[in-house]
Amino acid sequence: MNDVGLVSATWRTLRRRPDVIVAALIVLLFAIMAAFPRLFTATSPRACAIREARLDPQGWGTPHPLGTDALGCDVLATMVAGVRPSLLLAFVVVGVSLLIGVTLGLLAGYYLGWADYLISRTIEVFLVVPLLLAALLLLSLFKNVDLGAGTFSVILLPAVVLTLFSWMGYARYVRASVLEAKNLDYVTAARSLGASDLRIMFRHVLPNAIGPVTALVPTSIAAVIGTEAVLSFLGIGVRPPATSWGIQISQGSEWVLGGAPHILLAPLICLVAAVLSLVVLGDALRDALDPRLTA
Amino acid sequence: MSEPEAGPVLEVRDLVKHYPVPRGVLRRSTGAVKAVDGISLRLDRGRTLGLVGESGSGKSTLARVLVGIEKPTSGEVLVDGADVTRLSRAGRKRLRRDVQMVFQDPYTSLNPRMPVSEIVGEPFAIHGVDPAGGRRAAVGELLELVGLDPEHANRYPHQFSGGQRQRVGIARALALRPKILVCDEPVSALDVSVQGQVINLLEDLQAELGLSYLFVAHDLGVVRHIAHDVAVMYLGRIVEQGPEAEVYDAAQHPYTQALLSAVPVPDPSVRLAGPSVEPVETRISIGSTSGVGVGGGAIVLDGDPPSPVDPPSGCPFHTRCWLAPRLPEARPDPIPSYPPTDRPDAGLRLVPPVCDKEAPALVAHPGAGRAGPAIGAPAAHVAACHFARELVAPRVEA
């Protein structure tokens, strides 16, 4: 009906759930951290003194509140510096693969025939190509290309690789739910009224077929941040000297039993907190947008 | 009901809808499901044509072809004299306004994510129509017309009962002021008490708006209540057609007779007594072993309808006909049954040769007609059977 009514009704539903408030605050905190890293630490993540390696957390007000890592770099500063590339990478990859996956899944499920044949076979091809092999190939292709040092440039390569190999799940889910939704009577009713394919797809089929996919999104964000760490071993992750949570987690895991678990714990807790908040927010958003659950 | 102006608003001529059956790796079409196999119908302005038949008889396919969801394989669909099947896409869209559909299941026919105002107003949005007074007001009027509170326009389908949802579906179908409403089993998913309300609503709307209905149903009682004319379908063809009173009280086709005898009678004494069901004209001996019980009230047909991929030769009903084996014309040499079975009575089913050789035409059988001849009636009473005769069957009350 009117958008103002929908927005205020959605807000009213969200407000009644305290977990949603907490989740929103955590996401907001990370967003501020990504936009204004200086607010959280004055130390540069690149000021590393090897003499001060693996210091324990020293508490607020000290030069190294969360201690230092294996190379003597400040853990808090590295973590704060890693927020921007990590979250940007995650949102870009999930966003673009959602766009590709939903579009292709919708086309395949709605039109079937040769479109479905082509799309389904493409999905299978991408599913059987190992991610790391393809990543290596891309690495050799782009080895000598200078992409610059902007925030977006440092995540470009991992974003391309990860997007290429993460849209298939969405496409399959959407295709399956479109197949189910498109034969329901209300779609037939719209067709008998003379509605165009576009209208049927976006007004009737997609809103009722997108549900399973929204549940996938928060966990995919965590998966992207984790996989980026693997890619950084191959040199096509976030490009040094920029850093990311994934790199920190993989480096920190070597010292968990070596007397310095904080190197791992600091970025890991941030990752878990961010993903959990997104799960809660995604759930709440889905409930708020489904008229059957709000009444 | 006011007397409407005469003339057909919808005419169907030799309509055929076949679905190809792809087989094998090359997906070559090896046969076709003959869902609708040559049907001619005529629906007059302001009247209701009831279409009855078993599941799988093709009545829903016919309904879907008429509203333009499916394209016919061949044949003509004339709305107000214009052939819908030969129109361009834009022309079809314009003609769709004239023929609208009411669906069977009110729980799946409304988009759960749209408020009722949007569902009922969608036809305006699709056709770019701006009714006088704005779409909002028009939606309110439509809701009022079907007996819903316009205040509830902002509610979602799940907040309504089944009967109310069906009213929303009717309001949506009426938005573009159609001339014909194709109702595909519109009440079979509803409670009996609600069925009556929806049927009465449909009758009121017909009187008020001069609508014509094609009423598809398997409930013969409901059809008798609402229909002026009745057509009986079997295996994609019409086997009997005529004014409601004649088809119900003087059924001539053995299939119609079997259907009518299966209607439950809401009076236990009638059922216990078991009315005598015997062909009036021929007193034939009931010594057949075909398993068709003629005594005891109901004529029970053996088995399922044959596959519409490979319908029987001649009369499509001869494989299940209860009458044919009892006729004196049934020939003495058994038809070899295929595929051969071990059943002792296989191949012993005797039918008159003409039944499996020649497809009967849909013609009037003047010999019968207990309900009296309807001279000058728009639809004559016709039946597609070589041996059409009347039967004293239990009356089906509306």
Side-chain angles (χ1 to χ4, degrees), chain A residues 1-10 12-13 110 112-114 116-118 120-121 177-214 285-295, chain B residues 27 60 63-70 89-97 99-129 136 139 153-159 165 168-169 172-173 175-176 178 182 184 189:
Chain A
M1 207 71 248
N2 48 352
D3 290 341
V4 184
L6 186 67
V7 169
S8 69
T10 308
R12 242 180 294 129
T13 321
Y110 188 83
L112 293 177
W114 62 266
D116 179 40
Y117 187 84
L118 215 67
S120 293
R121 295 299 87 77
S177 17
V178 164
L179 280 181
E180 196 187 320
K182 77 166 192 169
N183 286 325
L184 291 174
D185 279 350
Y186 56 79
V187 178
T188 313
R191 196 168 292 148
S192 76
L193 284 168
S196 62
D197 283 350
L198 268 185
R199 185 182 184 88
I200 292 174
M201 276 195 263
F202 287 102
R203 304 269 308 175
H204 296 282
V205 174
L206 196 56
N208 291 291
I210 200 79
V213 171
T214 55
L285 193 67
R286 194 193 53 205
D287 292 356
L289 290 177
D290 191 339
R292 280 165 297 189
L293 295 171
T294 45
Chain B
R27 306 189 66 75
S60 286
R64 290 166 71 90
V65 171
L66 291 183
V67 296
I69 303 167
E70 304 271 3
R89 203 182 154 85
R92 265 208 310 279
K93 189 170 173 180
R94 203 160 354 101
L95 260 166
R96 271 187 180 148
R97 291 189 191 185
V99 189
Q100 275 303 314
M101 188 156 178
V102 176
F103 289 83
Q104 173 176 12
D105 185 353
Y107 289 89
T108 58
S109 64
L110 306 178
N111 188 338
R113 288 177 185 265
M114 279 191 178
V116 162
S117 58
E118 231 171 288
I119 292 172
V120 177
E122 198 179 18
F124 298 135
I126 290 171
H127 288 267
V129 179
R136 247 191 117 82
V139 168
N154 287 330
R155 294 197 179 174
Y156 285 88
H158 70 273
Q159 292 165 302
R165 285 165 150 246
V168 173
R172 170 178 61 191
L176 296 170
V182 175
D184 188 3

query = chain A heavy atoms under 4.5 Å from B:Arg64: which part of the residue, side chain, backbone, both or neither?
reply =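 Just its side chain gets close to chain A.
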inquiry  = For the interface with chain B, which of A:Leu184, A:Thr188, A:Val187 has the highest count of heavy-atom pairs at distances below 4.5 Å?
reply    =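 The option with the most such pairs is A:Thr188.
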So, the side chain of [X] versus the backbone of [Y]: is there a donor-acceptor pair under 3.5 Å, distance only?
X        : Y        : answer
B:Glu118 : B:Pro115 : no
A:His204 : A:Ala181 : no
B:Arg165 : B:Pro157 : yes

ask   = A:Ser120: what forms a side-chain hydrogen bond (donor to acceptor under 3.5 Å, both in side chains) with it, not counting sequence neighbours?
value =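 With neighbours one apart ignored, the set is A:Asp116.
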query = Between B:Met101, B:Gln100, B:Arg97, which residue shows the highest count of heavy-atom pairs closer than 4.5 Å to chain A?
reply = B:Gln100
